[in-house]
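Heads up, the thing below is written out as structure tokens.
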Amino acid sequence: MATKDKTPPNTVKNTVTTTTGNGGETHQTNSGPYITTNHGLAISDNQNSLKAGARGPALLEDFVLREKIFHFDHERIPERIVHARGSGAHGYFECTAAIPQLTKAGLFQKVGEQVPVFARFSTVAGGSGSVDTPRDVRGFAVKFYTQQGNWDLVGNNIPVFFIQDAIKFPDLIHSVKMEADKGYPQAASAHDTFWDFISLIPESTHMIMWAMSDRTLPRSLRMMEGFGVHTFQMVNAKGDVTFVKFHWRPKLGAQSTCWDEAVKIAGADPDFHRRDLFEAIERGDYPEWELSLQVFDEEFAASLPYDVLDSTKIIPEEVLPLQVIGRMVLNRNADNFFAETEQVAFLPTNVVPGIDFSNDPLLQGRLFSYLDTQKSRLGTTNFHQIPINAPKCPFGNFQRDGMMQTMVPKGRANYEPNSLGEAGEDGGPREAPQTGFTTVPTNDERNDPTQKLRVRSELFADHYSQARMFFRSQAPIEQAHLASAIVFELSKVALEPVRLRMIANLRNVDEGLAQRVADGLAMDLPAASKAARAPFDMDTSDALSIVKKGDPIMPGRKVGILFDEGSDKAEIDMVFKAVEDAGGSALLIAPKVGGISVKGGILKADGQLAGSPSVLFDAVAIILTEAAAAKLSKESAAVQFVMDAYAHVKTIGHNKGAQALLDKAGVEPDDGVVALKDFADVAPKRHWDREPKVRTLA
């Protein structure tokens, strides 16, 4: 007689089913309703890491956090799980304003002091074989080889992050990566799983404003800002402690591309950013950034209406101005991509005396995760001996052996303390109590170290105020781009409840934004989602807008000059010289590259028209005879060359002979369609007033 199932109705059982496939392989599926550890222990809270008090440090005993991140860190072999596609270069950091009153870190003690650096820039979501220009956050990591040891400042080109606690990082990346059943889309966030996750995690709303803005479509790695994201601490020789946030500002200014332009660049040159960085360094146009600090104390932190330990928040520059303390110059390309750019291992735990961590729960998780993932990627605990990772100052300890050991320690001393030195042997290195790293003691009166809690500070619950500030700080055209980006991404989401939930969240940011997105999706505006903490209006910040910072400059810009048979060499030379004199790079583009007869001689092109679309340039000049323009008007590559430049609101310089090609491409006169004599003065600008003529924005 069969045994009856005594499980109560509507109860889902925890069961593990084992089946054998055609090849004899074993499959296991867990169909239970509860999240458990890999050993079956039900997890009561999968949202918060275990901390010593609401604002205290994360605890090592949190096996739930450690198992989750440990498994996540080992999911891919051997490329990085995130930031897989990167570009790197060598250079130096120079202190331009000594700050011994803030820190005892050696690289900040003397003006003019220089230390070698290696910087790596990367996309987050795509694999190592993806393209350079998707809409994505960019990694901005710098390894300082100081005389006190390596310091790794591992950040992004956006100052906030999607989540507040590291325990949610595996979920975030799982959602934005290729969908588990399909294996696509690659390097794209415009799909169901990402927006499903985001719509359920209101804390990510501020980051979404940045991610959907033009910040995630950088024109060049050289024109990208960088941020340490977290609040860090500095300590001086007296033991005085200060909070700091790190900012990198490019000398060439922060600039972006258009979305349509970025898509076309991906097809024309998948290595656009990598090539741009490499070629700039090769020709001596060394990329440069200023390193700035926001400096504050506990009293200032307590006065803010948000928590400085919350990585989804910023302190606006208008509230706390930046202090420039140094500059980074990248002046040497990597000799070997794999040996250096691919094998470089950044660790947030790599700090030097004078720099320390805060209790930011996202940072605390990173301190554990990075060391573990480097072991998985590089296959050995001795990855620090790879030349790109090795410090350039003396180093030594009693760690021995292991896979790929390349050092040959001598003598018997492989433990400490020992007294072998007293017997005339080499006793090895000793502790440095006066100059070595010591952790800053907590002085946060709001933290009770006797409590172990899975909670977050109350102020962490404000998920929308800074998102509102960011959106309202953008110029109107940037707001239109942001709204259009959300419409595009959500149009790829097949799950209607996700779209509705996301629009409901956006109503807490800005009613106009929510309405624009709803209209763009042809959906009714849903009721606003309930905010865990009511948002409030913050002062807008012009520093958050690319457009409000002013027009771009010519240095670092590329100009394409289109010519053909019969073009006037004198006109070409005039434009070429004006661009180069202003600090830009001019390249000649023609239907053929081997040599074309022009008025005044023979000219060879730098690029062939079909392989050098205008998306690769910041501005274009069209110098043609009437006959050549008429001929090229029947050539799709030429028409598209001009049409794209116009659609991407770039400056178009032209002579009278080019008019037929401009007419064919639908170019209408405006401030950005100029005569050749005025071209170099106007060329770096984007002419945003033109955009409503060429595309519909949300």
Side-chain angles (χ1 to χ4, degrees), residues 72-73 76 78-91 117-144 150-163 166 169-170 172-173 176-177 186-189 207 210-211 213 215-230 232 245-250 254 256 262 271-274 276-278 287 289 291 311 328 330 334 337 340-350 362-363 365-367 369-371 373-374 377-378 388-389:
F72 173 77
D73 286 343
R76 300 288 187 274
E79 77 175 27
R80 291 167 171 87
I81 297 177
V82 289
H83 298 278
R85 181 171 181 82
S87 305
H90 296 271
V117 301
F118 186 83
R120 186 178 186 271
F121 312 99
S122 54
T123 53
V124 173
S128 60
S130 57
V131 298
D132 275 353
T133 57
R135 178 181 295 281
D136 199 357
V137 182
R138 267 43 177 206
F140 195 122
V142 181
K143 186 180 291 288
F144 299 78
N150 290 354
W151 172 39
D152 293 352
L153 183 53
V154 194
N156 288 329
N157 74 321
I158 289 177
V160 291
F161 203 62
F162 290 97
I163 52 176
F169 189 69
L172 166 68
I173 300 304
V176 75
K177 281 281 193 175
Q186 169 74 294
S189 57
M207 180 67 168
W210 288 80
S213 78
R215 297 278 184 154
T216 47
L217 302 173
R219 157 61 181 85
S220 164
L221 301 176
R222 301 176 291 138
M223 301 169 191
M224 195 169 74
E225 293 181 344
F227 303 90
V229 180
H230 310 287
F232 290 85
K245 283 182 171 288
F246 295 104
H247 299 249
W248 292 106
R249 292 295 162 89
S256 63
D271 305 298
F272 182 71
H273 285 155
R274 182 173 289 177
D276 175 80
L277 178 66
F278 187 93
W289 288 262
L291 178 62
S311 287
M328 177 176 68
L330 300 182
F337 180 86
E340 297 171 292
T341 305
E342 186 61 23
Q343 288 196 124
V344 65
F346 294 95
L347 302 171
T349 46
N350 278 356
L362 181 63
L363 174 60
R366 294 179 71 199
L367 300 181
S369 176
Y370 279 63
L371 180 63
T373 201
Q374 301 305 349
R377 288 196 62 248
L378 301 174
I388 192 65
N389 296 319

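Positions are given from 1, in the same order as the sequence printed here.
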### Query
Relative to F227, does K245 satisfy both conditions: NZ or CZ under 6.0 angstrom from the six-membered ring centre, and within 45 degrees of the ring's axis?
no
### Test ring-ring contact (aromatic ring centres under 6.0 Å, His included) applied to H83 - qualifying residues, sequence neighbours left out
none
### Query
Between V176 and F162, is any pair of side-chain heavy atoms under 4.5 Å apart?
no
#### Entry: CZ-CZ distance between F346 and R366, expressed to the nearest 0.5 angstrom
11.5 Å
## Note on the structure
Heavy-atom closest pair (Q186 atom, G126 atom, distance to 0.1 Å) is OE1-CA, 3.6 Å
### Message
What's the separation between atom CZ in F161 and atom CG in L363, rounded to the nearest 0.5 Å?
### Response
12.5 Å
### Summary
salt bridge (Lys or Arg N to Asp or Glu O under 4.0 Å) pairs touching residues 215-230, sequence neighbours excluded, are R215-E225, R219-D276, R219-D618, R222-D276, E225-R249, E225-K549
### Message
Is the distance between the ring centroids of F121 and W289 under 6.0 Å?
### Response
yes
### Task
To the nearest 0.5 Å, tell me how far S256 OG sits from L217 CG.
6.5 Å
### Task
Taking the side chain as every heavy atom from C-beta outward, state whether P159 and W210 have any pair of such atoms under 4.5 Å apart.
yes
### Query
Taking C-beta and beyond as the side chain, do V142 and D152 meet within less than 4.5 Å on heavy atoms?
no
### Query
Rounded to the nearest 0.5 Å, how far does CG of N156 lie from CE of M207?
6.0 Å
### Query
Looking at L378 and A345, what are the two nearest heavy atoms and their distance?
CD1-CB, 4.0 Å
### Task
Keeping the roles fixed (side chain from N150, backbone from N350), state whether a donor-acceptor pair exists under 3.5 Å.
no
### Electrostatic pair E342:R377 at N-O distance under 4.0 angstrom
yes
## Note on the structure
Tightest non-hydrogen contact, residues G365 and A166, listed as CA-CB, 3.4 Å
### Query
Is there a donor-acceptor pair under 3.5 Å between the side chain of R135 and the backbone N or O of S213?
yes
### Task
Would you check if the side chain of N157 reaches a backbone N or O of F140 as a donor-acceptor pair within less than 3.5 Å?
no
### Query
Hey, is the main chain of P218 close enough, under 3.5 Å, to the side chain of H273 for a donor-acceptor pair?
yes
### Task
Answer yes or no: is there a donor N or O on one side and an acceptor on the other, between the side chain of K143 and the main chain of I388, under 3.5 Å?
no
### Message
Under the rule for ring-ring contact (aromatic ring centres under 6.0 Å, His included), what residues qualify as partners of Y370, not counting sequence neighbours?
### Response
none
### Query
For the residue pair F232 and W151, is the inter-centroid distance of their aromatic rings smaller than 6.0 Å?
no
### Message
Treating R120 as the side-chain partner and F118 as the backbone partner, does any N or O pair qualify as donor plus acceptor under 3.5 Å?
### Response
no
## Note on the structure
Heavy-atom closest pair (A89 atom, L330 atom, distance to 0.1 Å) is O-CD2, 3.9 Å
### Heavy-atom pair of closest approach, residues T216 and I158
CG2-CD1, 3.8 Å
### Message
Any heavy-atom pair between the side chains of Q374 and N389 that's under 4.5 Å?
### Response
no
### SB check R85 D271 (cutoff 4.0 Å)
yes
### Summary
Of L362, I163, V160, the one forming a side chain to side chain contact (heavy atoms under 4.5 Å, CB included) with S311 is L362
### Message
Distance check, rounded to the nearest 0.5 Å: D132 atom CG versus T123 atom OG1?
### Response
7.0 Å
### Query
Would you say the side-chain atoms of S128 pair up with the backbone N or O of A84, donor to acceptor, closer than 3.5 Å?
no
### Query
Could you state the interatomic distance from OG1 (T349) to CG (L371), rounded to the nearest 0.5 Å?
6.0 Å
### Closest approach of A334 to T341 (non-hydrogen atoms, all atoms of both residues)
CB-OG1, 3.9 Å
